Amino acid sequence: MQTHGVVAKEAFTMKIIVHKRRNTMVKKCLIVLLIAGLLMSSVFAAGSKESPVGAPQKMRVYAERFTPGIDRAISTLPPLRAFDDIARDYEKLFPNVEIEFYNFMGDHSNTSEYMSWITTQSIAGTLPELVMAQATELEGFKENEWFVDLRPYLEKPNPYVPGNKRWMDLFGEKIISTRLSSTGELWALPISLVATGIYYNKTLFNELGLEAPQEWEEFKHVLKTIRDKTDVIPFLFDMSTTTKASWAYRVFLSFLFEPLLPQIDLDGNEIVSTEEFARAVKFGILGAATPQHREVLRLLDEWKDYFQRGFLTAPATGLFNRGQAAMWWEGIWEYPVLEADPLKTFEVGTFYVPRITSATSKYVDDNAPMRMIGGASGVQLAVSRSAVDKNMVDQAIDFLMYITTPEHNGRIAAESKELAPIVIGAKGDDSLDSFLEQANNGITTFIIERFFSPEQINDWFRTLQDFLSQKISLEEATNRLQRIYVAAADLLIEKNKFVF
Amino acid sequence: MIDRNTRKRSIHSAGNLSRSLFLSILGILTFLPFVFALIISFKDIFQYTHHPFKPTFPLMWSNYVIAYKLVIKYIFNSILVSGVSAVFVILLGVFSGYVFARYDFPFKNTLFFFFLALMMIPTVLSLVTRFILVMNLGLRDNYLGMILPYISGGQIMVIFVSRTFFENIPNSLFESAKIDGASDVHMLFNIAIPLSLAIIWTLVIMNIISTWNNILWPLVIINKVELMPISIGLLHFKGQTQSNVGAMMAGYLIASIPLLIVFVVASKQFVRGLTSGAVKL
Amino acid sequence: MFSTFYKKRSIGIVRRPSIFVLSMLVPSLFLVLLFNYYPILQSITYSFFKWSGGHKKTFLGLKNYIDLFTSSVFYISLYNQLVILVLRTIFLIVPALLVARLIFGLKTWAKASNFFRLIFVVPVVIPPIVVLLIWQFLLDGEIGLINSFLQAVSLGNLTRAWLGDPKTALGSVIAIGFPWVQGTNMLIFLAGFLAVDESIWDSVTLEGVSSLQRFFYIDIHLILGQLKLNIILTIIQLMQDFVGIMVLTDGGPGTATLVPGLLLYKNAFQYAKMGYANAIGVVLFVVILSLSILNSRIGKESNQ
């Protein structure tokens with residue numbers, strides 16, 4: 001700052017006196033602030049007190065969507081409490097155990113942010129004993145010994161289900177296999193299933209004389225009719241995350257590659273293991289370079305033309321609610337809000353993703369059912385190192401067994417209405433029955449999260465985005481994807497020392 | 001006397017009017033996000049879905065009730081942390097900036113560049129290592145665990161800016177003060193700072209904003225809910241499936257009230273800082 | 001008279017500091033060394049290892065760096081960052097400069113100048129998430145207000161999925177925040193204008209220079225210091241901030257809006273490849289350090 005020398009000097013000499021006084025005042029204020037600040041900080045000093053011997057052991061649980069006692073999106077709905085009630089019942093069985101539901105404050109849908117919390121808290125040893133985490137995302141931490149491998153425990157009987165010989169039987173091998181790591185560990189136990197459905201504007205359909213399609217050719221006809229005859233977006237689908245993109249991909253993978261299952265699933269247990277996958281890729285049966293996969297890309301490309309613009313990055317919410325989109329593929333958690341919406345002007349119906357038949361592609365087997373899109377990627381609980389440090393692993397596992405009885409699992413899921421129960425025989429909420437029928441056909445066989453590492457999934461996703469935004473051709477996409485498939489197979493082989 | 005009259009007339013001159021017009025247009029556009037946030041804050045989840053930007057009725061005052069209950073828990077923490085950080089950031093930063101500006105010592109410029117380059121690295125790079133450090137110092141779940149790293153990071157910008165400003169103060173002022181027998185510290189407090197008050201208040205604004213909205217660091221360093229700042233508290237709204245956007249906006253608006261007060265004050269001080277030391281014709 | 005403003009302040013700088021004066025630096029240095037340098041040095045060390053955050057570290061030598069330099073994704077992110085840097089700096093500086101000059105021009109009308117000053121500073125309080133949400137809506141491919149506007153003025157063929165099209169995603173991200181009047185930048189410029197001697201303005205008007213000429217040749221030179229300052233401050237802020245991109249497009253579609261910061265974050269926490277993420281950070285640091293040294297050398301030469 002430039003001020004004219006002479007005049008400023010006069011002003012400044014006058015101000016010295018003022019400033020001297022102000023300075024001591026300022027200094028005093030600052031000292032007071034400093035002391036206050038330090039006092040405050042020391043009052044809340046770190047270091048939890050050691051619990052006295054004989055005091056109840058605290059088990060903290062972070063169950064994401066199932067967390068009881070927190071405000072819900074629709075402010076008129078009461079907070080959840082089923083899980084809390086179940087926990088109190090458990091405490092009666094084990095008076096020395098205290099269960100506390102932890103509420104994670106951040107944005108658990110932002111993977112990087114959530115994982116940075118998981119990482120840092122694991123380092124500090126302060127992660128809740130039972131914590132929500134995607135089982136397939138914890139593999140990178142194996143070497144740190146931050147989580148307990150739950151797979152062996154699934155072989156034990158669940159004492160809370162009379163007659164149960166193997167805990168695994170309550171879930172089914174196929175579901176659990178989708179959550180295993182590349183080397184066969186289960187880092188988090190799924191306690192819910194993600195169910196999806198296509199919501200549609202029944203009123204509009206009736207006006208156009210359309211019915212909910214059961215098969216893909218019908219579906220294409222519906223899409224085309226809506227596009228030709230109205231201004232409404234035929235199909236609303238948020239493909240901005242790897243999860244959603246994987247849903248769409250799965251539909252086609254399922255139908256196009258299932259006929260090849262006998263060649264892939266060599267032990268005939270209807271589950272494609274990592275070994276079978278790696279083998280199939282190496283032998284050219286699975287992978288992007290196959291004619292079936294070209295069909296996958298072609299069908300995806302065709303379908304996307306009916307999506308809303310900007311489907312690759314998040315769309316504005318509410319397009320369906322406002323009647324500007326005719327169909328919307330989302331998880332069942334949207335249903336309560338849709339149902340309760342007083343401002344919507346049409347009737348909402350639901351149907352499931354239509355089956356693909358040989359009319360659409362010659363590689364498809366007409367007898368194949370539509371399997372469940374979704375899977376065990378809902379709430380999953382991992383046993384963290386905190387439980388190990390506190391010698392509470394067995395207790396934690398016992399609690400997990402307690403909450404995965406058909407009755408309890410059903411209760412928790414039914415109250416939340418956002419996810420489906422996973423335990424065989426558990427009953428969810430009635431309003432969701434139509435969605436949950438799909439579970440009867442079992443889950444899709446080819447779920448890439450099972451076989452690709454998080455980084456490979458990211459690469460796969462980017463390639464799909466480039467392809468669907470027409471930045472690269474089908475050939476280029478095929479090449480890139482094939483490289484990823486091969487890399488995935490190689491990684492699996494390396495980690496497991498497979499030999500073919 | 002003639003000057004005063006012409007100046008009075010010129011308040012509403014054509015030049016001033018056209019400037020005001022242009023500024024008004026820009027001002028409205030700049031203020032628009034604020035207006036939208038206000039409109040959205042009165043919507044419930046259904047109104048927001050159907051009419052995101054148009055004012056809808058009935059007004060959902062309940063959003064403010066929910067938000068207020070949430071904000072009041074955390075606002076004290078934010079004020080304490082951001083306030084104390086800002087005070088020390090300015091203190092340390094101005095002192096060091098003064099030293100850099102007026103003295104020479106070995107490695108001065110190298111050190112400076114290192115500081116500068118440091119500022120440009122995304123801080124997430126050292127998130128985990130810094131976390132481990134703070135953890136080992138026993139400052140987790142402690143206000144100091146937030147305050148000290150904030151001071152450390154924030155002061156660099158202040159050092160940089162205050163150095164620039166102090167360097168531009170004519171040396172003649174310092175020389176004449178030295179002749180009058182003023183010490184180095186005296187010169188800092190009585191010459192350099194008063195002349196840079198405007199910039200210092202601007203720096204206060206900038207620093208408070210950066211610490212107020214910081215999410216990642218408090219998220220990992222604080223587990224006790226009583227210590228969490230407002231930036232984390234408000235995330236609570238975002239993490240749900242269909243978030244209650246209205247309540248979230250209400251929360252952010254309420255939380256920005258203390259900031260607003262600080263900024264209006266700072267803005268006034270800014271002008272005082274400029275006009276007090278300048279020449280009056 | 002102008003020469004006094006151009007001459008670098010060489011007098012008074014070369015002074016040996018007393019111990020007391022040096023001690024004023026100590027608290028700053030101490031904090032920076034502890035909370036900034038120590039973690040960063042550790043990060044640099046870990047960049048040579050395979051590390052996922054825990055105790056186990058496997059030495060990899062230069063492998064992380066080799067992987068980094070052979071990954072095309074990294075170069076794409078650098079390119080994107082460069083584009084963002086150049087364009088967005090212009091966007092955040094020029095309007096602020098303009099507004100500061102206009103407010104300064106109103107200095108005879110105190111009420112107006114105070115009013116406008118507040119109008120442009122107060123929005124600084126708006127949390128970034130609010131701005132992002134609103135702009136995400138504005139840019140929406142279907143019902144975004146921008147597309148609606150284009151259709152209303154019969155430019156319907158220009159409508160795009162702004163954030164969803166790889167061709168426009170980066171540009172859209174850069175354009176967020178229109179009219180880009182950055183409050184604190186504006187204040188710094190205003191301080192610069194207000195600090196200039198009154199007599200300069202009068203002498204210039206007397207010599208019959210037009211407003212536009214005056215703006216370009218004189219105004220800008222008078223606040224050159226503030227200009228450089230704001231440019232550097234803006235660049236610093238831009239290099240650090242990737243959260244906005246993460247929320248809007250998560251680096252997509254494809255790699256259209258990927259920036260090094262985001263790449264770093266994902267590698268560290270989504271792929272648990274912290275050693276590799278640290279390598280990214282180190283390379284960034286070296287690049288920026290060299291650029292700033294280069295910049296100051298050029299600056300020194302052009303100053304005289």
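Only a predicted model underlies this, so the values are computations on that prediction, with no experimental measurement involved.
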| Using a distance-only test with no angle check, is there a side-chain donor-acceptor pair under 3.5 angstrom linking S152(B) and N36(C)? | yes
Side chain, backbone, both or neither: which part of [X] has a heavy atom under 4.5 Å from chain B?
| X | result |
| --- | --- |
| F285(C) | both |
| A277(C) | backbone |
| I119(C) | both |
| I280(C) | neither |
| I134(C) | both |
| I103(C) | both |
| F242(C) | side chain |
| Y38(C) | side chain |

Of the listed residues ([options]), which shares the most heavy-atom pairs with chain B below a 4.5 Å separation?
| options | value |
| --- | --- |
| V122(C), V121(C), I44(C), L41(C) | V122(C) |
| M239(C), Q42(C), M274(C), R117(C) | R117(C) |
| N114(C), L284(C), V124(C) | V124(C) |
| G261(C), P260(C), G105(C), A112(C) | G105(C) |
| P179(C), G177(C), G281(C), A268(C) | P179(C) |

Quick one: does [X]'s side chain get under 4.5 Å of [Y]'s, heavy atoms only?
| X | Y | answer |
| --- | --- | --- |
| F178(C) | W135(C) | yes |
| I143(C) | S148(C) | no |
| N213(B) | I209(B) | yes |
| V265(B) | Q269(B) | yes |
| W212(B) | V125(C) | no |

| said: I need the contact set between residues 200-208 of chain B and chain C: heavy-atom distance under 4.5 Å, sorted by residue number. | reply: T202(B), I205(B), M206(B)
Given the options [options], which has more heavy-atom pairs under 4.5 Å with chain C than any of the others?
| options | value |
| --- | --- |
| L133(B), L127(B), L125(B), L92(B) | L125(B) |
| I215(B), I151(B), T123(B) | T123(B) |
| L148(B), L137(B), I25(B), I40(B) | L148(B) |

Side chain [X], main chain [Y], donor-acceptor under 3.5 Å:
| X | Y | value |
| --- | --- | --- |
| T129(B) | P39(C) | yes |
| N214(B) | S210(B) | no |
| N136(B) | I132(B) | yes |

Measuring heavy-atom distances to chain C, does [X] have an atom under 4.5 Å in its side chain, in its backbone, in both, or in neither?
| X | answer |
| --- | --- |
| I156(B) | side chain |
| V262(B) | neither |
| L29(B) | both |
| S231(B) | neither |

Nearest-0.5 Å distance, [atom1] of residue [X] to [atom2] of residue [Y]:
| X | Y | atom1 | atom2 | value |
| --- | --- | --- | --- | --- |
| I126(C) | L253(B) | CD1 | CG | 9.0 Å |
| F104(C) | R19(B) | CZ | CZ | 9.5 Å |
| L262(C) | K266(C) | CG | NZ | 5.5 Å |
| I199(B) | T164(B) | CD1 | OG1 | 9.5 Å |
| Y252(B) | I230(B) | OH | CD1 | 9.0 Å |
| Y276(C) | S47(C) | OH | OG | 12.0 Å |

| field | F36(B) and F53(B) aromatic ring geometry - parallel, tilted or perpendicular at 30°/60° bounds | value | tilted
| query | Does the ring of Y98(B) carry R163(B) above it, NZ/CZ under 6.0 angstrom from centre and within 45° of its axis? | reply | no
| message | Looking at F34(B), I'd like to know if its CZ atom is crowded, meaning that more than 12 non-hydrogen atoms belonging to other residues, nucleotides or ligands lie closer than 6.0 Å. | response | yes
| query | With ring centroids as reference points, do F189(C) and F193(C) lie under 6.0 angstrom apart? | reply | no
| Neighbours of chain B found in residues 180-187 of chain C - heavy atoms under 4.5 Å | V181(C), T184(C), L187(C)
